[in-house]
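In what follows, chains are A, B, ... by sequence order, proteins preceding strands, each numbered from 1. Only this structure's heavy atoms are used, side chains among them; waters, hydrogens and symmetry mates stay out.
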Protein chains: 2
Amino acid sequence: MALEPQTQNTPTHMRRRLVLSAGDDISRCLLCDIREHSVCNAINDKELAILAHASKSLSLPPGTTLVEEGSPATAFFNVTAGTVKLFKSLPDGRRQITGFADVGHFLGLTNSSTYSFGAETVDTVRVCRFSRAELENLLTDYPLFERRLLAEVTDELAQAQEQMLLLGRKTARERVASFLLARMVVHSTPEQGEEAIVSLPMTRVDIADYLGLTIETVSRTISALRREGLIAGTDHHGIRILALQKLQALTSGQEYS
Amino acid sequence: MALEPQTQNTPTHMRRRLVLSAGDDISRCLLCDIREHSVCNAINDKELAILAHASKSLSLPPGTTLVEEGSPATAFFNVTAGTVKLFKSLPDGRRQITGFADVGHFLGLTNSSTYSFGAETVDTVRVCRFSRAELENLLTDYPLFERRLLAEVTDELAQAQEQMLLLGRKTARERVASFLLARMVVHSTPEQGEEAIVSLPMTRVDIADYLGLTIETVSRTISALRREGLIAGTDHHGIRILALQKLQALTSGQEYS
DNA sequence: CTGTGGGCTTGATTTAGATCAAGGTGCAGT
DNA sequence: ACTGCACCTTGATCTAAATCAAGCCCACAG
């Protein structure tokens, strides 16, 4: 059964990590500019004060642990800025990143009383934090909220299935191409016109752990795509897509000749 | 947004495949002996007639297509007997089985208007079929039903994450050991005592497509485990686990010496 | 500036698992 | 009871990606 009420004590090691930020007032959610991209949008304007009361907004530096694998599941998060990585590990340290939670994404849901995954900030991240009881209340009081959450989990499951196809059956080249396209955003600039940009706040290690490869293979594959003129590097952690069609063909093995 | 109402016409190629079985009466759900293992349990006894009316029970031979990748998402299924395989494919035929839906499992949920995955029966399967509108109604009329469904999808997501760890980071040996243990059921017989049995209704091809391996590697690995005395074959499509501890250690790479 | 370390790239070599190939096994249909 | 075929096993060889190894780039502390 999902989200049964359970003990509410926040372990001290969690409390230590979470730094309450300024501006935590009653109209926080009303003013939140990413609301429409998240589950919070399921609650109407008049009642947003309740939502603001039920959650706390936090700002977290890169590399902060939000969720520790196997620790009691007491908190849930909505990402309002930055990127969070979700992962699972093996005893010997091998790690699989199961997803990146960007702006608007909800994370932490579990049926068990402990988290079956870890979560860590990639860059500077803003989250709204809900306790288990607060989330329970929202679910029962706002059917639209629950419906929206069901939609979000359903979507995450579809993405997970896509990623299983990638991990089980795609080549390194296909994996990297798929990854770049999945993270692509089209930037419309007055000078340049349409620009397909991929922002990569995470390290090569993270990309490798997400794609089930080694950093060397990721590096080599990106270099090869650049050499072939399909992509180009931007300033820091970014990539510009030059040959969208070819890259799209590449994701499913229809290699151009 | 999840499960918005949409056009209701069942494509003829689906209708052809689905054979209505006998005994589709008002008390079908009340008498259903797997109810407690499924989402249907969220609806109380008095109202089960409504559920029986909202769904149709079908019996399907092995190899029947329940859901075609990319086709309009009009139907949802609850498995009441047998095993269904869920998968995604690439244009060149490579396939990844993303999960096996056994008794009690619900399948077909999607946010999009088309299915992003395929589903096919492994053995003889019984399902209860809901139309999109019927499911919509149940979700809005029975909050417990929706909550239970959220729990089920959340659980499926956790399993998907576990499978991503397997596909991205485990060796062939670890994958096979994980698979066998995940499908293990403990049979308590008067003569034999406790017996750990794995029933494998699916073919080697299916197992390979689930574990991201080839049939040859699956076959070789199972043979190796048998040679080492960790498992033994039963009559047909079954395996008996002889060394549970060792197999458990194997799933996460803690090889016994 | 200058050393230090984290992150990235590139090259050489190895290897786990894929691919290619050849039977074996068992049951469904005549 | 024979035969055809789908499914499985085992062996030989190949290869994509891992591993091992070296050096580069650059942000930051001293």
Side-chain angles (χ1 to χ4, degrees), chain A residues 61-63 85 90 92-97 122-123 166-180 198 200-228 231-239 250 253 255, chain B residues 61-63 85 90 92-96 120 122-124 166-179 198 200-228 231-239 250 253 255:
Chain A
K85 59 189 177 200
L90 289 169
D92 62 4
R94 279 174 289 171
R95 191 182 62 150
Q96 179 64 38
I97 291 183
V122 168
D123 45 14
L166 180 149
L167 293 169
R169 291 299 182 216
K170 289 189 182 179
T171 66
R173 220 171 142 76
E174 290 163 1
R175 291 181 201 207
V176 170
S178 302
F179 176 66
L180 294 179
V198 182
L200 302 172
M202 67 292 290
T203 65
R204 290 288 186 271
V205 176
D206 286 342
I207 298 174
D209 281 350
Y210 181 55
L211 299 180
L213 300 169
T214 58
I215 46 168
E216 292 95 331
T217 299
V218 170
S219 189
R220 272 188 254 274
T221 308
I222 290 178
S223 296
L225 294 178
R226 186 163 32 222
R227 213 177 312 119
E228 295 164 31
I231 60 173
T234 64
D235 39 355
H236 5 208
H237 268 245
I239 278 178
L250 238 175
E255 198 75 51
Chain B
K85 58 189 177 199
L90 289 169
D92 62 4
R94 280 175 288 171
R95 191 181 64 149
Q96 179 64 39
E120 198 180 309
V122 168
D123 45 14
T124 300
L166 179 148
L167 292 170
R169 291 300 182 216
K170 289 189 182 179
T171 65
R173 221 172 140 75
E174 289 162 3
R175 291 180 200 207
V176 170
S178 302
F179 176 66
V198 182
L200 302 172
M202 67 291 290
T203 65
R204 290 288 186 271
V205 177
D206 287 341
I207 298 174
D209 281 351
Y210 182 55
L211 299 179
L213 300 170
T214 58
I215 46 167
E216 292 95 331
T217 300
V218 170
S219 189
R220 274 189 254 273
T221 308
I222 291 178
S223 295
L225 294 177
R226 186 164 29 223
R227 212 177 312 119
E228 293 165 32
I231 60 173
T234 63
D235 38 355
H236 6 210
H237 266 245
I239 278 178
L250 238 174
E255 198 75 51

How close or far is atom [atom2] of [N] from atom [atom1] of [X], stated in whole angstroms?
| X | N | atom1 | atom2 | answer |
| --- | --- | --- | --- | --- |
| A:Ile239 | C:dC8 | CD1 | P | 11 Å |
| A:Leu167 | C:dG17 | CG | C1' | 17 Å |
| A:Ile215 | C:dG6 | CD1 | C1' | 11 Å |
| A:Ile231 | C:dT9 | CD1 | C1' | 14 Å |
| A:Ile222 | C:dT10 | CD1 | C1' | 14 Å |

Can you give each donor-acceptor pair under 3.5 Å made by side-chain atoms of residues 218-226 of chain B, sequence neighbours left out, with the distance rounded to 0.1 Å?
from	atom 1	to	atom 2	distance (Å)
B:Thr221	OG1	B:Thr217	O	2.6
B:Ser223	OG	B:Ser219	O	3.0

Least distance between heavy atoms, A:Val198 atom then A:Leu180 atom: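 Minimum heavy-atom separation between A:Val198 and A:Leu180: CG2-O, 3.4 Å.
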Reported OG1-to-CG distance for the pair B:Thr171 and B:Leu250, which is rounded to 0.5 angstrom: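 That separation rounds to 7.5 Å.
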Side-chain donor/acceptor of A:Arg169 to backbone N/O of B:Arg94, under 3.5 Å: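 Side chain of A:Arg169 to backbone of B:Arg94: no pair is present.
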With side chains defined as the heavy atoms from C-beta onward, is the minimum distance between [X] and [Y] less than 4.5 Å?
| X | Y | answer |
| --- | --- | --- |
| A:Ile207 | A:Met202 | yes |
| B:Leu211 | B:Lys170 | no |
| A:Val122 | A:Pro62 | no |
| A:Leu167 | B:Gln96 | no |

D:dT10 OP1/OP2 closer than 4.0 Å to side-chain N/O of B:Ser219: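 So the side chain of B:Ser219 is outside the cut-off, no N or O lying under 4.0 Å from OP1 or OP2 of D:dT10.
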Intra- and inter-strand pairs of DNA chain C in dot-bracket (Watson-Crick or G-U wobble, both distances under 3.5 Å; | for another strand): ||||||||||||||||||||||||||||||
Sugar-phosphate only, base, or nothing, as touched by B:Arg226 at under 4.0 Å among non-hydrogen atoms: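 If one applies the 4.0 Å heavy-atom cut-off, B:Arg226 turns out to touch the sugar-phosphate alone, with no base involved.
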Chi angles and distances behind the side-chain contact (heavy atoms from CB on, under 4.5 Å) call for A:Asp206, A:Arg95: CA-CA 9 Å; A:Asp206 286 342; A:Arg95 191 182 62 150; 3.0 Å; yes
Residues A:Phe179, A:Leu200; criterion side-chain contact (heavy atoms from CB on, under 4.5 Å); working and verdict: CA-CA 10 Å; A:Phe179 176 66; A:Leu200 302 172; 3.6 Å; yes
Would you list the protein and nucleotides 5-7 of chain D atom pairs, both N or O, that sit under 3.5 Å from each other?
none

Where protein sits on nucleotides 15-22 of chain D, one letter per nucleotide: B base, S sugar-phosphate only, - none, heavy atoms under 4.0 Å: --SSBB--
With A:Arg204 via salt bridge (charged side-chain N to carboxylate O under 4.0 Å, His left out) - residues at least two apart: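 Per chain and number, A:Arg204 pairs via salt bridge (charged side-chain N to carboxylate O under 4.0 Å, His left out) with no residue.
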